Amino acid sequence: MSDTTPTAARELSAQYQPAEVEQRLYEGWVAAGVFAADPASDKPPFAIVIPPPNVTGSLHIGHALDHTIQDSLIRRRRMQGYEALWLPGMDHAGIATQNVVERQLAASGQSRHDLGREEFVERVWQWKAESGGKILGQMRRLGDSVDWDRERFTMDEGLSRAVLTIFKRLFDDGLIYRAERIINWCVRCHTALSDIEVEHSDDDGELVSIRYGEGDRSIVVATTRAETMLGDTAVAVHPDDERYKHLVGTLVELPLTGRSIPIVADPHVDPAFGTGAVKVTPAHDPNDFEIGQRHSLPSLTIMDETGIITVHGPFEGLDRFEARPAVVAALRAEGRIVAEKRPYVHAVGHCSRCGTTVEPRLSLQWFVKTAPLARAAGDAVRDGRTRIEPPELAKRYFAWVDNMHDWCISRQLWWGHRIPVWYGPAGEVRCVGPDEEPPGEGWTQDNDVLDTWFSSALWPFSTLGWPADTPSLAKFYPTSVLVTGYDILFFWVARMMMFGLYAMEGRQPFDVVALHGMVRDQYGKKMSKSFGNVVDPLDWIERFGADATRFTLARGANPGADVPVSEEWCQGSRNFCNKLWNATRFALINGATVEGDLPSAAELSTVDRWILSRLADVTETVDRHFEAFELAKVCDVLYHFAWDDVCDWYVELAKPVLTGEDAAAAGRTRRVLGHVLDALLRLLHPVVPFVTEELRTALVPGGGSIVTAAWPAASPEARDTAAEAEVAGLQRVVTEVRRFRADQGLRPGQRVAARIDGLEGAGLSAHSVLIRSLARLDEPGDGFAATGTVAVGGGVEVALDTRGSIDVAAERARLTKDRAAAEKEIAQCRAKLDNPAFTEKAPAPVVGKIKERLAAAEADLARVSAQLAALAG
RNA sequence: GGGCGCGUAGCUCAGUGGGAGAGCACUCGCCUUACAAGCGAGGGGUCGCAGGUUCGAAACCUGCCGCGCCCA
């Protein structure tokens with residue numbers, strides 16, 4: 001095992017070096033088993049199943065975002081005392097994986113058919129063992145606190161059993177059927193695709209208008225796919241279209257083919273589009289197929305599985321894209337082209353795996369009848385069993401599940417779950433369940449496999465052991481949250497909902513669906529290889545650390561919204577981690593400790609009570625944002641608390657106490673500092689696990705891993721508004737003096753003699769030493785002579801001896817600006833208060849607040865005016 | 001064409017009825033011994049446009065303009 005020596009035993013270097021600690025810590029966590037979830041535990045469950053990445057995939061920035069959110073949620077719940085399960089795994093990615101192995105074979109001049117089905121599948125398993133699942137190692141780099149003992153794969157034995165089980169149930173319930181339908185066909189992958197595996201884009205094409213028939217019995221149709229006219233079996237018009245009423249029921253000659261086809265009336269034709277007449281190719285267009293069904297038209301397939309035309313002499317053997325211009329040329333030669341429009345931009349479907357233009361194709365496929373399943377999936381969200389976050393996105397979910405088409409689940413591949421249906425010698429069809437013997441002699445199994453998403457849809461329960469009644473299933477189902485991108489909502493999520501509700505007797509697969517957006521670049525542009533703006537998360541992890549990478553993503557993770565990132569911002573996150581590192585280093589050098597109880601409020605200084613009050617406020621706010629999946633806000637609050645409150649103010653205010661003569665006071669502040677840092681590190685741990693573990697190990701010797709440390713409890717009793725107000729006053733004095741010094745061009749380090757008046761009246765008399773420390777002011781000595789005065793409000797005045805002439809022009813400019821601001825404020829407040837409608841109708845607290853603002857602004861004006869007058873004199 | 005969403009500082013984004021904010025970028029001054037991966041100070045916005053509701057609108061309503069996403 002690697003070196004797990006606590007950092008306390010070493011020196012903290014001046015800079016945080018993530019590369020030196022991340023691997024050691026991660027291996028330590030896994031070895032200690034802190035990520036393991038125990039179904040026998042009596043702690044309340046909290047479970048997340050990971051959206052399974054492809055076995056062919058590697059970690060991209062989108063995964064990094066998705067995982068950062070999940071890990072943050074899981075790590076917090078684990079610290080809160082839940083039995084937290086984050087279950088990892090991969091899917092078998094039927095088409096993608098088969099493509100990878102087929103490419104390997106092609107390199108040696110082979111095809112899968114040379115090997116045969118059994119040997120090919122064996123080869124795919126071999127590929128998986130050797131080079132599949134790269135992403136799992138990369139997830140360790142990111143710090144994912146998944147339970148590795150539970151890693152699952154959609155093709156493993158248990159999950160395959162789940163697939164067979166649910167297939168059989170659906171089949172027996174009549175929810176799976178086989179039919180000849182128009183499906184999306186990829187002519188390169190040689191398989192059917194479901195609707196969601198087709199991506200539409202607006203492409204340049206052509207719109208060609210063709211005249212069918214002759215003379216007053218002719219009719220003009222327009223098409224973007226001229227070659228399909230070879231398969232036309234009708235022309236359709238709207239029944240109410242007066243232009244064509246006389247033609248309905250007649251035959252028209254289809255050019256080039258010598259065939260005559262009927263003109264039919266169908267209400268689905270849009271009479272306003274084009275000529276109002278459409279060609280009907282039932283075998284090559286889904287809408288045309290439906291028209292064909294309604295009018296009992298024949299379906300004529302004109303292409304083979306590779307997109308090659310199979311009919312009509314001169315075109316036979318041409319690819320569909322070669323046939324298109326050839327058909328147009330032939331029609332033009334016959335004088336049948338009425339109009340041509342190029343380019344004509346229209347939506348074209350592409351295979352989401354290989355980008356090839358999808359060909360609608362009539363073929364015999366297996367389908368899931370989705371109507372009843374989708375209804376249940378919608379109802380589970382409608383009645384609140386599952387909550388979608390952010391709620392606005394539920395509308396999209398409903399739009400999808402309430403209009404879902406039947407799902408084509410058969411794929412003409414070898415890699416995947418083979419459809420458990422056997423065909424008998426007399427045409428019998430039998431679905432074989434997981435524990436049944438296949439039928440014997442003379443029967444053959446369906447050649448196709450199931451869509452990968454069919455097995456992914458079972459993920460939330462198949463991974464927990466279903467169909468067996470396992471302790472894990474009992475403990476962790478329904479899972480608590482599903483975290484994924486909104487782009488996945490309408491297919492994968494909807495399908496898990498359908499199958500989960502069906503398999504688990506109406507119990508939803510997850511209580512909450514927390515959606516995030518896509519990672520974009522710093523200008524809000526989509527990342528794309530061609531644009532060259534793709535970020536590799538592993539590159540960032542190496543250069544800035546896993547924590548910085550995670551923090552950058554988490555800080556942009558507003559629910560449902562896209563997440564812009566940039567290298568500069570990741571540097572900023574790295575800097576933040578380094579800031580934590582150095583704050584802890586300072587604390588350790590100065591003896592900060594978490595040992596012993598915190599002194600009571602009565603014993604503590606105002607400043608100590610202030611930072612504890614801020615901590616209480618921050619803890620409560622962080623909890624609230626976590627509950628709402630507002631990770632960006634969690635990060636924002638902690639960033640500012642750590643940097644502004646703790647580092648910029650508390651540490652600076654603690655310095656004079658820690659090095660001062662009052663040993664008891666120093667001891668109390670050491671405890672407060674240790675306590676605050678410890679809580680801060682624990683609050684940050686879910687987002688930045690590595691640096692917080694390393695630092696807390698140093699800060700809390702023998703305290704065990706932060707992974708299993710308790711989540712900081714909200715402590716409303718620590719809120720102290722009086723202390724907060726007092727420190728705000730102190731900060732105002734310090735800031736005003738610093739501003740004066742900067743205006744006067746005094747170097748920050750230069751100490752200046754000064755007399756401070758009016759602290760008592762402002763309730764700040766206890767803080768004179770701190771103010772002098774932070775504003776770098778010395779006590780006035782012999783021969784003190786004030787050369788400049790800063791009136792900071794609240795009656796406090798600081799007279800400084802700058803040992804030289806002050807920059808009157810700079811000071812006048814500053815004061816003039818302040819005077820203008822005060823005058824503007826006064827005018828705005830007076831306008832409101834002089835308006836009787838306001839004073840009568842606005843709530844009393846609002847009116848009171850405006851009066852206070854007016855009084856403060858008037859005091860400011862008086863102060864500034866007096867200083868200006870003094871300057872002039 | 002239908003649906004959803006967005007438009008706030010140079011960039012990216014918070015802010016959903018009562019003093020316009022953050023990060024980064026920018027300007028000035030600093031190696032002030034935890035941190036230059038830093039410290040201090042500062043500049044910068046007709047809140048897309050036009051109406052309306054209201055004592056009061058960046059926020060609510062209507063219309064328009066521009067952009068994005070999903071579906072057809």
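Throughout, a chain's letter reflects where its sequence line sits, starting with A, and its residues are numbered from 1. Keep in mind that what you see is a predicted model, and the values were worked out from it rather than measured.
Straight-line distance between the C1' atoms of B:rG51 and B:rC28: roughly 45 Å, to the nearest whole Å. Using atom P as the reference point in both B:rG44 and B:rG52, the two lie 32 Å apart (nearest Å). Remark: the separation of the P atoms in B:rU46 and B:rC11 is 13 Å, to the nearest Å. Rounded to the nearest Å, the gap between the C1' atom of B:rC55 and that of B:rA50 is 23 Å. B:rC60 and B:rA9 are spaced 25 Å apart, taking the C1' atom of each and rounding to whole Å. Using atom P as the reference point in both B:rG17 and B:rC24, the two lie 29 Å apart (nearest Å). B:rU27 and B:rC61 have their P atoms separated by 42 Å, with the value rounded to a whole Å.
Residues passing the salt bridge (charged side-chain N to carboxylate O under 4.0 Å, His left out) test with A:Glu290: none are found, sequence neighbours excluded. Applying the ring pair (Phe, Tyr, Trp, His ring centres under 6.0 Å) rule to A:Trp649 yields no partners; only residues at least two apart in sequence or on another chain are considered. The salt bridge (charged side-chain N to carboxylate O under 4.0 Å, His left out) test applied to A:Arg520 returns A:Asp562, not counting sequence neighbours. Contacts of A:Phe629 classified as ring pair (Phe, Tyr, Trp, His ring centres under 6.0 Å), with partners at least two apart in sequence or in another chain: none. Legend: residues meeting salt bridge (charged side-chain N to carboxylate O under 4.0 Å, His left out) with A:Glu389, ordered by chain and number and at least two apart, are A:Arg387.
B:rG42 atom P lies 8 Å from atom CG of A:Asp743, rounded to whole Å. When rounded to the nearest whole Å, the span between CG of A:Leu658 and C1' of B:rU33 equals 15 Å. Distance, A:Asn582 CG to B:rA37 P: 11 Å, rounded to whole Å. Here the P atom of nucleotide B:rU33 and the CG atom of A:Leu588 are 20 Å apart, to the nearest Å. The distance from atom CD of A:Glu568 to atom C1' of B:rC11 is 9 Å, rounded to the nearest whole Å. The CH2 atom of A:Trp581 sits 12 Å away from the C1' atom of B:rC35 (whole-angstrom rounding).
Phosphate contact (OP1/OP2 of B:rG10, side-chain N/O of A:Tyr523, threshold under 4.0 Å): absent. Between A:Lys579 and B:rC39 there is a side-chain N or O to OP1 or OP2 distance below 4.0 Å. Contact annotation: A:His640 reaches the phosphate of B:rG23 (side-chain N/O to OP1 or OP2, under 4.0 Å). Residue A:Lys655 places at least one side-chain N or O under 4.0 Å from the OP1 or OP2 atom of B:rA34.
Looking only at atom types and distance, the side chain of A:Lys633 has no donor-acceptor partner in the side chain of A:Thr621 under 3.5 Å away. A:Tyr523 and A:Asn533 share no donor-acceptor pair across their side chains, judged by distance under 3.5 Å alone. Between the side chains of A:Thr484 and A:Asp66, no donor-acceptor pair is found at a separation under 3.5 Å.
Along RNA chain B, the nucleotide nearest A:Arg555 and the nucleotide nearest A:Val646 are compared for position; the residue whose nucleotide lies closer to the 5' end is A:Arg555. The 5' end of RNA chain B is approached more closely, in terms of each residue's nearest nucleotide, by A:Leu393 than by the other of A:Gly572 and A:Leu393.
Comparing B:rC55, B:rG23, B:rC35 by their nearest atom to the side chain of A:Asn835 picks out B:rC55. Listed nucleotides: B:rG40, B:rC4, B:rC35. Nearest to the side chain of A:Arg396: B:rC4. Taking the side chain of A:Asn578 as heavy atoms from C-beta on, and the options B:rC35, B:rA41, B:rA22, the nearest nucleotide is B:rC35.
Screening residues 834-857 of chain A for salt bridge (charged side-chain N to carboxylate O under 4.0 Å, His left out) gives A:Glu825-A:Arg853 as the qualifying pairs, with residues at least two apart or on separate chains.
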Is there any protein nitrogen or oxygen under 3.5 Å from a nitrogen or oxygen in nucleotides 17-20 of chain B, and what are the pairs?
unit_1: B:rG19; atom_1: OP1; unit_2: A:Arg853; atom_2: NH1; d: 3.2
unit_1: B:rG19; atom_1: N3; unit_2: A:Arg853; atom_2: NE; d: 3.4

For nucleotides 26-32 of chain B, which of its nitrogen or oxygen atoms have a protein nitrogen or oxygen under 3.5 Å away, and what is each distance?
unit_1: B:rU32; atom_1: O2'; unit_2: A:Arg776; atom_2: NH2; d: 3.4

Taking only N/O atoms, report every protein-nucleotides 7-9 of chain B pair under 3.5 Å with atom names and distance.
none

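Counting any heavy atom pair closer than 4.0 Å across all strands shown, A:Tyr639 reaches sugar-phosphate atoms only and no base atom. Heavy atoms of A:Arg574 sit under 4.0 angstrom from at least one base atom. Across all strands shown, A:Arg585 has heavy atoms under 4.0 Å from sugar-phosphate atoms exclusively, and none from any base. Using a 4.0 Å heavy-atom distance criterion, A:Arg814 is classed as a sugar-phosphate-only contact.
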Which donor-acceptor pairs under 3.5 Å do side chains of residues 542-551 of chain A form with protein atoms, sequence neighbours excluded?
unit_1: A:Arg543; atom_1: NH1; unit_2: A:Asp539; atom_2: OD2; d: 2.8
unit_1: A:Arg543; atom_1: NH2; unit_2: A:Glu567; atom_2: OE1; d: 3.3
unit_1: A:Arg543; atom_1: NH2; unit_2: A:Glu567; atom_2: OE2; d: 2.5
unit_1: A:Asp547; atom_1: OD1; unit_2: A:Phe690; atom_2: N; d: 3.1
unit_1: A:Asp547; atom_1: OD2; unit_2: A:Phe690; atom_2: N; d: 3.4
unit_1: A:Asp547; atom_1: OD2; unit_2: A:Val691; atom_2: N; d: 2.6
unit_1: A:Thr549; atom_1: OG1; unit_2: A:Gly545; atom_2: O; d: 2.9
unit_1: A:Arg550; atom_1: NE; unit_2: A:Val687; atom_2: O; d: 2.8
unit_1: A:Arg550; atom_1: NH1; unit_2: A:Asp71; atom_2: OD2; d: 2.8
unit_1: A:Arg550; atom_1: NH1; unit_2: A:Leu142; atom_2: O; d: 2.9
unit_1: A:Arg550; atom_1: NH2; unit_2: A:Asp71; atom_2: OD2; d: 2.9
unit_1: A:Arg550; atom_1: NH2; unit_2: A:Pro686; atom_2: O; d: 3.0

In residues 636-648 of chain A, what donor-acceptor pairs under 3.5 Å come from side-chain atoms, sequence neighbours left out?
unit_1: A:His640; atom_1: ND1; unit_2: A:Asp636; atom_2: O; d: 3.1
unit_1: A:Asp645; atom_1: OD2; unit_2: A:Arg614; atom_2: NE; d: 2.8
unit_1: A:Asp645; atom_1: OD2; unit_2: A:Arg614; atom_2: NH2; d: 2.9

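In this structure, A:Arg495 forms a cation-pi arrangement with A:Trp407, its terminal cationic atom sitting closer than 6.0 Å to the ring centre and no more than 45° off the ring axis.
Non-hydrogen atoms lying under 4.0 Å from RNA chain B are contributed by A:Lys633, A:Asp636, all within residues 630-638 of chain A.
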